[in-house]
**Student:** 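Pasting a structure here, questions to come.
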Amino acid sequence: MRKLLRQLLGYEAEAVVVHFASGPVERVRAMYEEIRALEPAREHYVVSLGEPLGFGLPIVLHAPSLPELRMQLGPKRIGLAPFLLGPDPLCRLVWQAAPRKMLAFNARGERHHLRLRTLLASALFAAGVPLDRIWLRPWWWPWARERSQPAGPGVTLRGRDLGGRPRIAILSPYYPWPLGHGGAVRIYSLLREAAKEFDIWLYCFAEPGCAENPGPVLALVREAVLFPLPRYREPRWASLLPPEVREYESPAVRERLAGDRGKWQLLQVEYTYLARYPGDVLVEHDVTFDLYQQMGARWSAWRWRRFERAALPRFRRVMAMAEKDAAMLADPERVRVLPNGVDLARFRAVPEPDGQRVLFVGSFRHFPNVTAFRFLWDEVWPLVVAEEPAAVLTVIAGPQPELYAEIPSGLDFHGFVADVVPFYAAANLVLAPTLVSAGTNLKVLEAMAMRRAVVATPSGCDGLGLRHGESVWVAAEAGAMAAGIVALLRDRPRRESLARCAEQIAIEHFGWEAIGREQARLWRELL
């Protein structure tokens, strides 16, 4: 009957799919191809505000208003309206044109129908909450098919032969290769130094494919035991324990550590969210409750403070990255400061090229780096290009950055890169615009070793012994940071002077060999 009525009124019996290009062209293309594959029998249109999309779509409608869109569609009706969530004006147009047919895509590539009957879920999705955090509620729904899955049994990879040396075990939340983020760089670098005088067992959670491509790690360890990543499906706000702690709790890991206890003499646990596992040394890569306090996330900060205060006394020693971090931890006599370092053989000073290239490096898996990038791109960079239009911003954001933040167009953007050295070599200036931070910034150390001047917020260069105007340019606010970037881009002798002074500090205090010797001294004390 409805089909007959539409025909009598002059409408087509079958609806069409109208895609709204409310985001970057690459994401519009991905959205279009996904829905085109799901609905191959329907006619597809793409609506833009007039900008060329450039990827060969058959029909593109230029519709800045609802009447114009309806005029171009003619008798056709909208059966499905996919669009990208964001501030684009087309998001308002899709609401006006097809309020009951909206299919929204978030920055992670997840899609969800926005409907009144699922108002709460739709509002949460529009606010940026991941889809699985909205729908998967096993503690609410006993019949839910998807539940959290802890890591299962590990895969053992054989490394080098025993050398009759002291035996150390290390537990890590990830396999330290490739060197896609600062934590992996630190663990791998100190593993390499420790292998000179210790036999090492490595236990870690690992992404798929690590067992087939272990890299150089096996040359440093006796065994590497790789556990599959857990699948966590609980709401992040719904427990007294921090969600990362619950996520990495695994009976298989506990059983393996207990069974191997006779193989080694001392266990070092990397990262606070693994602190429920029994060990001798805990490495606090950052004081997590301090990070959440800086962000104003009071519930997360309270949970982390409660957990960290209870966990630290269970370890014989605690390793902190900076004096500031050590001062916040209980029982300071058991806390040792071993800062981050830099591979001085790999990151060596090279002459600075001509140009105005500015570099930001920071894995988006670490949320302070996402916050820093948004501050840089939204508040600082527009002020810079207003003064220096030729300036170029390069961003290296680590593996799968699209899962953690929306990627804007108009900059030289990279995800994971196997070697960051060429990017430092091509840069004239390096930025560390972190608004929340703990520990020491490893990327600043890399820039220092390669003799590149750094513009940083106070937290971005904290704990490194740098002085404003002498070895770094420090700016706390967007305007001051932009002014510092512009001033240094225009004054090559000044930035070269900052860079030379910073390079000397890196060489004298932050080589991994010296830091590795301090770690070995701590282990020998405990043994």
Side-chain angles (χ1 to χ4, degrees), residues 1-131 134-135 402 405-410:
M1 179 63 71
R2 293 178 62 188
K3 180 177 179 179
L4 177 62
L5 181 59
R6 286 197 301 268
Q7 289 175 334
L8 291 174
L9 293 175
Y11 287 93
E12 287 192 344
E14 296 300 326
V16 298
V17 179
V18 180
H19 305 256
F20 289 79
S22 56
V25 174
E26 295 79 9
R27 291 185 58 210
V28 173
R29 180 204 294 268
M31 175 182 72
Y32 173 83
E33 291 176 348
E34 181 176 336
I35 301 303
R36 190 79 177 84
L38 293 173
E39 297 285 352
R42 293 196 184 190
E43 193 172 3
H44 290 253
Y45 296 82
V46 177
V47 178
S48 79
L49 290 177
E51 302 88 348
L53 296 177
F55 56 92
L57 291 178
I59 306 173
V60 177
L61 307 177
H62 301 293
S65 67
L66 181 59
E68 291 181 61
L69 175 61
R70 286 177 172 165
M71 185 181 301
Q72 293 178 75
L73 285 175
K76 299 178 176 67
R77 66 186 181 88
I78 300 176
L80 187 64
F83 71 104
L84 303 172
L85 286 168
D88 195 284
L90 284 178
C91 293
R92 185 180 306 158
L93 181 60
V94 68
W95 170 259
Q96 297 170 343
R100 298 175 60 189
K101 305 296 182 181
M102 296 188 297
L103 180 64
F105 281 73
N106 63 14
R108 301 171 182 82
E110 301 170 327
R111 63 180 187 266
H112 176 62
H113 285 279
L114 303 186
R115 296 190 176 106
L116 281 175
R117 68 184 183 189
T118 57
L119 180 60
L120 179 58
S122 297
L124 290 171
F125 186 80
V129 179
L131 201 58
I134 297 173
W135 288 112
E402 68 280 356
E406 185 171 351
I407 312 304
S409 56

**Student:** Please tell me if the side chains of Val94 and Ile78 come closer than 4.5 Å, counting only heavy atoms from C-beta onward.
**Tutor:** no
**Student:** With heavy-atom distances below 4.5 Å as the criterion, would you say the side chains of Val17 and Pro82 are in contact?
**Tutor:** yes
**Student:** Using the six-membered ring wherever Trp is involved, compare the ring planes of His44 and Tyr32 and label them parallel, tilted or perpendicular (cut-offs 30° and 60°).
**Tutor:** perpendicular
**Student:** Once you round to the nearest 0.5 Å, how far does CG of Leu49 lie from OG of Ser22?
**Tutor:** 9.0 Å
**Student:** Under the side chain to side chain contact (heavy atoms under 4.5 Å, CB included) rule, what do Lys76 and Tyr45 come out as? Steps first, then yes or no, please.
**Tutor:** CA-CA 11 Å; Lys76 299 178 176 67; Tyr45 296 82; 2.8 Å; yes
**Student:** Got a second to check how far Phe20's CZ is from Cys91's SG, nearest 0.5 Å?
**Tutor:** 10.0 Å
**Student:** Nearest 0.5 angstrom please: Met102 CE to Leu80 CG, how far?
**Tutor:** 11.5 Å
**Student:** How many angstroms lie between atom CZ of Arg29 and atom NE2 of His19, to the nearest 0.5 angstrom?
**Tutor:** 13.5 Å
**Student:** What are the two closest heavy atoms between Leu93 and Leu66, and how far apart are they?
**Tutor:** CD1-N, 3.5 Å
**Student:** Looking at Arg27 and Phe105, what are the two nearest heavy atoms and their distance?
**Tutor:** NH2-O, 4.0 Å
**Student:** Out of the candidates Leu114, Asp88, Leu103, Val47, only one should pair with Phe83 under the side chain to side chain contact (heavy atoms under 4.5 Å, CB included) rule; please name it.
**Tutor:** Leu114
**Student:** When rounded to the nearest 0.5 angstrom, what distance separates CZ in Arg115 from NE2 in His113?
**Tutor:** 5.0 Å
**Student:** Let me confirm one number: the CG-CG distance from Asn106 to Leu84, rounded to the nearest 0.5 Å.
**Tutor:** 9.5 Å
**Student:** Are any of the side-chain heavy atoms of Leu85 and Phe125 separated by less than 4.5 Å?
**Tutor:** yes
**Student:** Val28 and Ala21: which non-hydrogen atoms are nearest, and at how many Å?
**Tutor:** CG2-CA, 3.7 Å
**Student:** Taking all non-hydrogen atoms of both residues, which atom of Arg111 and which atom of Leu38 are closest, and how far apart?
**Tutor:** NH2-CD1, 3.5 Å
